Protein chains: 4
Amino acid sequence: MPSEPAPNTEEPRRRRKEARPGELVAAALDVFVERGFAAARLDEIAARAGVSKGTLYLYFESKEALFKAVVQEAIVPRIAEGEAMVASLDMAPEPLLRELLLGWWEVVANSKLSGIPKLVIGEAANFPDVAQFYFDNVVQRGRALLVSVIERGIAEGAFRPGDPLVLCQLALAPMLFASMWSRSLACCDPQGMSPDVYLRTHLEVFLGGLRAEPGRIPLPAA
Amino acid sequence: MPSEPAPNTEEPRRRRKEARPGELVAAALDVFVERGFAAARLDEIAARAGVSKGTLYLYFESKEALFKAVVQEAIVPRIAEGEAMVASLDMAPEPLLRELLLGWWEVVANSKLSGIPKLVIGEAANFPDVAQFYFDNVVQRGRALLVSVIERGIAEGAFRPGDPLVLCQLALAPMLFASMWSRSLACCDPQGMSPDVYLRTHLEVFLGGLRAEPGRIPLPAA
Amino acid sequence: MPSEPAPNTEEPRRRRKEARPGELVAAALDVFVERGFAAARLDEIAARAGVSKGTLYLYFESKEALFKAVVQEAIVPRIAEGEAMVASLDMAPEPLLRELLLGWWEVVANSKLSGIPKLVIGEAANFPDVAQFYFDNVVQRGRALLVSVIERGIAEGAFRPGDPLVLCQLALAPMLFASMWSRSLACCDPQGMSPDVYLRTHLEVFLGGLRAEPGRIPLPAA
Amino acid sequence: MPSEPAPNTEEPRRRRKEARPGELVAAALDVFVERGFAAARLDEIAARAGVSKGTLYLYFESKEALFKAVVQEAIVPRIAEGEAMVASLDMAPEPLLRELLLGWWEVVANSKLSGIPKLVIGEAANFPDVAQFYFDNVVQRGRALLVSVIERGIAEGAFRPGDPLVLCQLALAPMLFASMWSRSLACCDPQGMSPDVYLRTHLEVFLGGLRAEPGRIPLPAA
DNA sequence: AATGAATGAGTATTCATTCAT
DNA sequence: CATGAATGAATACTCATTCAT
């Protein structure tokens, strides 16, 4: 009769306990991104995290809560990094904007994270709480970031005058769209398209069209 | 006690029979767009069309077949109109491209149809057959249309040289994205954004960045 | 406006009208035998008969009624033939019994008809009316036939004394079983078995065991 | 108002868990035998086992899997017993064959088990997987048992020469047929028939016809 | 803290039967 | 007579959530 439990070949208990929520969130991110919100099965998330389904409910009170945690853990910090970048970098608006978009592309577009916008947009109508949470915590803060840079660019005369929010959306749309595409219809396309060419063309065309140049009229306004 | 049966307030049988598939497809379009493919309940489609669930199976052998019929009836003809437009209009590339994008926006973006791309992109991973069908019948044909115009623009020196497929995607992405947005997160946004300003800004910026002008370098290529 | 209907290239109306029920019953026999009673779809029966589903209900008030008609048309006359045979043939009991069993084998076992016993036995519990109908119209009459021959054989000292009904059942069981087997598990058996050897062995063994011979004791009795 | 929770009248969780599959299989056997495979409702099986429908799927992944488990648990062990019997008993072929058939009759014919052959034969055409499984696991092994005894009997000169597989089938057919009959048309027969007389007559007639005796010719062969 | 057995509401699909034309 | 459109009840299977251990 051993007075001590069999030597644990896995992580020590204490570490696991603290690490649990993070492991669960990581597994959840995987499954949510692969299947979407509605189609993700808690069973599969639990299995991938190596725990039982019941354990999920120890840490998260529902599927929605789990998803919110995924957003909180995986996406919100990326936004914060962008905010820090803007605060610390002392660059002219166009290079800064370019830098931000490139940074987003590198961090998000090529990782699992890029699956989240697709999921949220695709299922927002069926899960309004999820949508609202994402909007408040990700969209609003992300927009504020870009809008501030664009507003400065307009104020400084680097960009054509226009609606900054509209321009923010137009800067992001092709990138978000590409990330959604790559996780949906891209696999139906036998030839494909170079993501690199796509991104550089977008930046070149978008910034080329946004730049204030002699003879250019202001962009539309409300 | 009427000696004659109550006057039939319903459509005569013969007419209904021919009208049925169309009514079903219309109801299905509504529900698919509101709920997505997986979450759309056949019950609801039937109820909205005023028939029983069994009747759906008289005309469509499965949910997927019904969805394919929706795409076939509602989307494919719009593509055909675009093809006809390109064939008949004798315009310079830039105005033609502008016209096509505007036409798409008017016909699609403001109708239920704009819900279909969101649905397909959001659920392609879970329903590969649906995705392939949409890709083959809508994406490919739509792309061919725009790509031909863009190629001509490049050849004639109106547009900067670049990858036509990439440019096609970049022309459409902000529009498709906006239509997806309006059916998902837009309702979380208290202030909103003028679709009109959005579209005109996109055209102005995109075409402004695409236009060949002295001193401009070619766009990236593979 | 033709005063006469377009020349019918098919069967003339009058003949078809009378032939209808027979065609329906024939199609029904096929489908019932292939699928069983519950799994037979009226759709398929109608399609095979080249009529609409509704037409079936013009002639038969339900699936059960249709099945009863099948039994009536296809099986009952076969029994009558056996009865006629016994009445007309003036043979000793053993050759007569042999003749009857051989006749049954030839007429029934190798035709679709042999599917009916399997169906009735397999689904009697779920469709008691069908079972009762079959029992009254087929089993009882068939038994009476064989029992009379067996009783005569016993009375004349050709067969060992025993329960005639039991002997009747034992004479038929291997044949009915074989016909059920050939429509069910036979296809799982890669090697198979010669039906001819099977039948001849049965007759040889059964009649060999039934025959009264010196030193043999009577068979069991109730 | 009891200060303590009501004494748990149900089984403790741990015990139930291990007992569950067995209880489910037992309930399934009942319902499959009463209704057949297609007509058996999972609802009813679950209700009879005192669990919810979902619980069935915790243990068996489909109706087919449940049925295979029934065969595995309820029938296969019976075959094994027969195999053990042949291996252990040192008897002459005829008594051994008689013993095996009697044993089968006692164990199977009078229990629910006898409903399984009826079910399999009745629905094999509609459920080929089920049929194949039954054939491989029950029919083949059962045949091997009897065939070996029959072959030995022929070799030792106790039985007339003939096709052992055919003789095996002929030995079993009346017994299997009787078990199917008792669960189908027997209830339509007001007078009935003594199973005991039936069985003893079969053994007497069959073995009487099979026994090698002076002056008997060999049985048919392929 | 962790488990995993149990639940039961929810949904696509099938098919005998009806009835207006 | 004949049609075939319409019905709606029936059923296997799924999965988020609960809770006794």
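Since we're looking at a predicted model, the values are computed, not measured.
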Could you pull out all residues at least two apart from Glu44(D) that satisfy side chain to side chain donor-acceptor pair (under 3.5 Å)? Arg35(D), Arg48(D)
Answer yes or no: does a side-chain N or O of Thr55(B) lie under 4.0 Å from OP1 or OP2 of dT7(F)? yes
Base of dT17(F), side chain of Lys53(A) - is there a donor-acceptor contact under 3.5 Å? yes
Round to the nearest Å and state the distance from Leu24(C) atom CG to dC1(F) atom C1'. 12 Å
If the condition is ring-ring contact (aromatic ring centres under 6.0 Å, His included), which residues does Phe127(A) pass it with, not counting sequence neighbours? Phe37(A)
Can you find a donor-acceptor N/O pair under 3.5 angstrom joining the side chain of Lys63(A) to the base of dT17(F)? no
Closest-nucleotide mapping onto DNA chain E: is Glu64(B) or Leu56(A) further toward the 5' terminus? I mean the 5' end. Leu56(A)
Does any non-hydrogen side-chain atom of Val120(B) lie less than 4.5 Å from one of Phe135(B)? no
Test of understanding: with side chain to side chain donor-acceptor pair (under 3.5 Å), list the residues that count as partners of Ser62(A), not counting sequence neighbours. none
In dot-bracket form, 5' to 3', how is DNA chain F paired? Count Watson-Crick and G-U wobble pairs only if both distances fall under 3.5 Å, and write | where the partner sits on another strand. .||||||||||||||||||||
Sorted by number, the residues of residues 33-46 of chain C with heavy-atom contact under 4.0 Å to DNA chain E: Ala40(C), Arg41(C), Leu42(C)
Which nucleotide in the set dG4(F), dT17(E), dT3(E) lies at the smallest distance from any side-chain heavy atom of Ser62(C)? dT17(E)
Asp30(D): partners by side chain to side chain donor-acceptor pair (under 3.5 Å), with sequence neighbours left out: Lys112(D)
For dT14(F), take OP1 and OP2 only and decide whether either is under 4.0 Å from a side-chain N or O of Tyr57(D). no
Pairs satisfying salt bridge (charged side-chain N to carboxylate O under 4.0 Å, His left out), at least one member in residues 50-68 of chain A, at least two apart: Asp43(A)-Lys53(A)
Suppose we screen for side chain to side chain contact (heavy atoms under 4.5 Å, CB included). Which residues come up paired with Val25(C), at least two apart in sequence or across chains? Phe60(C), Ala69(C), Val70(C), Glu73(C)
Tell me the interatomic distance from Glu23(D), atom CD, to dA5(E), atom P, rounded to whole angstroms. 14 Å
Least distance between heavy atoms, Leu66(C) atom then Leu42(C) atom: CD2-CD1, 4.1 Å
I want to verify a distance call: between dT7(E), dT7(F), dA2(E), whose nearest atom is closest to the Leu58(D) side chain? dT7(E)
For Gln72(D), all residues meeting side chain to side chain donor-acceptor pair (under 3.5 Å), sequence neighbours excluded: none
Closer than 4.0 Å, any side-chain N/O of Tyr59(D) to the OP1 or OP2 of dA5(E)? no
